[in-house]
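None of these values were measured; they are calculated from a predicted model. In what follows, chains carry the letters A, B, and so on, assigned in the order in which the sequence lines appear, proteins first and then strands, with residues in each chain numbered from 1.
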Amino acid sequence: MTKKGRVFSGARPTGRQHLGNYLGAIQNYVALQKEYDCIYCIVDVHALTTLETTRDIKNNTYEMALDWLAAGIDPRESIVFIQSHVPQVMELFTILSMVTPLGKLTDLPTFKEKVRMQPNNVNLGLVGYPVLMTADIVLYKADLVPVGIDQASHVEFARETVRSFNFRYNTSVLKEPDIKLTEVPKVIGTDGQQKMSKSLNNHIELALTPEETEKVVMTMVTDPARKRRSDPGNPDVCNVFSMHKVFSSPEEVAMINLECRRAGIGCVDCKKLFAKNLNAHLAPFRERRAALAQNPDDILDVLRDGERRARVIAEQTMAEVRDAIGLP
RNA sequence: AGGCCAGUAGCUCAAUUAGGCAGAGCGCCUGUCUCCAAAACAGGAGGUUGUGGGUUCGAUUCCUGCCUGGCCUGCCA
């Protein structure tokens with residue numbers, strides 16, 4: 001079976017995944033497996049640039065891997081592994097950092113944003129974040145990197161870095177990755193305002209029980225203008241309706257779109273229907289997750305097998321890199 | 001390496017003048033109200049005051065070792 005090329009993507013170990021992760025990344029990961037050889041990496045070293053404590057990093061890694069596998073990332077199709085388990089990436093990071101102008105890094109908007117977020121912890125690793133990301137991508141000779149528009153500049157940075165390296169050492173060992181711009185739906189959190197994220201505590205975890213799911217869904221912010229049951233609502237400004245568009249049938253979406261506007265359906269019924277549809281959608285996932293969780297060692301085996309396969313590629317690349325540079 | 005400044009609730013900061021029960025705003029949780037949510041109101045939780053010693057009847061406050069961060073000076077690569 002020949003596929004169209006190799007995809008690499010990494011995600012920080014954030015623990016149990018939520019609807020934002022699911023719609024924004026995981027579903028895409030699963031779909032890409034059909035057409036591409038995929039490498040999915042849990043980037044624990046990247047996490048160190050912003051983490052104040054590493055207390056939960058092991059468990060978060062495990063929980064995220066569990067969600068990924070339950071969601072359909074297939075370790076027989078794809079390589080799933082932990083970044084720090086293949087230390088060659090650190091070596092390549094160091095080498096690439098020598099061809100990276102500092103100003104280019106500090107000019108990136110994501111860096112400026114991080115400095116605003118954590119002015120007391122502006123470390124070298126944080127500045128070099130895009131360089132490590134580049135190392136991830138090129139160490140595994142990725143052809144394609146699926147990203148949302150906000151991450152596109154980082155892949156563009158990787159391409160430039162590859163060109164710098166290849167030019168500097170008059171070689172072509174490093175592969176310039178193509179950007180695969182993916183349509184990332186903007187998933188708004190339960191507050192109805194900001195992007196869904198664990199740190200904002202406005203998320204809906206995939207692994208909740210149906211009862212817990214309904215409880216969280218009931219707290220979702222709706223159209224603030226609809227104060228009474230008899231008031232007509234505006235689905236266009238209601239995040240519950242956005243969710244319906246993803247998890248409910250076209251008929252149900254049309255019905256809510258009509259009935260909400262003429263106060264034919266209340267928010268409670270609307271939310272209950274969403275919770276029901278979401279629970280139905282996630283039921284197979286939750287079943288698989290529960291089954292996988294029975295044998296934690298199997299998850300670790302998957303990650304070890306991924307490491308083994310990733311190492312083969314990494315070692316090959318590094319041999320070529322050292323040779324191209326002319327290291328003794 | 002030396003000098004100076006800072007570290008207090010999840011966040012932003014008070015309280016240190018002259019040692020005397022560690023507080024506010026925002027956020028979070030609960031309740032009232034709402035079809036739900038929001039808003040409003042009421043209530044609640046949250047702290048080894050960076051950390052180890054010392055002085056004292058009593059230390060967030062004074063002395064001191066260390067840790068972390070920032071600014072300045074110097075030294076090495």
Mate of [N] where both pairing distances stay under 3.5 Å, Watson-Crick or G-U:
N	answer
U30(B)	A42(B)
U48(B)	none
A24(B)	U12(B)
G7(B)	C67(B)
G74(B)	none

Looking only at atom [atom1], what distance separates [N] and [M], rounded to whole Å?
N	M	atom1	answer
U51(B)	C35(B)	P	49 Å
C63(B)	G20(B)	P	15 Å
G10(B)	C36(B)	P	33 Å
U30(B)	G69(B)	C1'	38 Å
C76(B)	G2(B)	C1'	15 Å
G70(B)	G53(B)	P	28 Å
G47(B)	C28(B)	C1'	16 Å
C26(B)	G43(B)	P	14 Å

Item to complete: Please name the pair of heavy atoms, one in Ser84(A) and one in Asp44(A), separated by the smallest distance, quoted to 0.1 Å.
Response: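 That closest heavy-atom pairing would be OG-OD2, 2.6 Å.
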Worksheet item: Is Arg16(A) paired with Asp67(A) through a side-chain N to carboxylate O contact shorter than 4.0 Å?
Response: no
Take the protein atom [atom1] of [X] and the nucleotide atom [atom2] of [N], then report the distance between them rounded to whole Å.
X	N	atom1	atom2	result
Asp231(A)	C35(B)	CG	P	9 Å
Arg228(A)	A39(B)	CZ	P	17 Å
His203(A)	C28(B)	NE2	P	14 Å
Arg226(A)	A38(B)	CZ	P	16 Å
Asn202(A)	C28(B)	CG	P	10 Å
Glu214(A)	A37(B)	CD	P	13 Å
Asp269(A)	C36(B)	CG	C1'	10 Å
Lys215(A)	A37(B)	NZ	P	12 Å

Fill in: CG-CG distance between Leu96(A) and Leu132(A), expressed to the nearest 0.5 angstrom
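The distance works out to 9.5 Å.
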Item to complete: Could you check which of C28(B), A37(B), C35(B) has an atom nearest any side-chain atom of Pro224(A)?
Response: A37(B)
Item to complete: Could you work out which one of C28(B), C35(B), A37(B) sits closest to the side chain of Val221(A)?
Response: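 Ranking C28(B), C35(B), A37(B) by closest atom to the Val221(A) side chain puts A37(B) first.
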Fill in: Between Gln33(A) and Asp74(A), a side-chain donor and acceptor under 3.5 Å
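Looking only at side-chain atoms, Asp74(A) and Gln33(A) do not form any donor-acceptor pair under 3.5 Å.
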Practice prompt. With the side chain counted from C-beta on, respond yes when Val145(A) and Ile179(A) share a heavy-atom pair under 4.5 Å apart, and no when they do not.
Written response: no
Worksheet item: Quick one: on RNA chain B, does Asp223(A) or Lys227(A) contact a more 5' nucleotide (nearest heavy atom)?
Response: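 That would be Lys227(A).
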Discussion item. For Tyr40(A) and Tyr29(A), take the angle between the two ring planes, folded into 0 to 90°, and tell me which bin it lands in: parallel under 30, tilted 30 to 60, perpendicular over 60.
Written reply: parallel
Discussion item. Within the 4.0 Å heavy-atom criterion, would you say Thr222(A) contacts the bases, only the backbone, or no part of the nucleic acid?
Written reply: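 It contacts base atoms.
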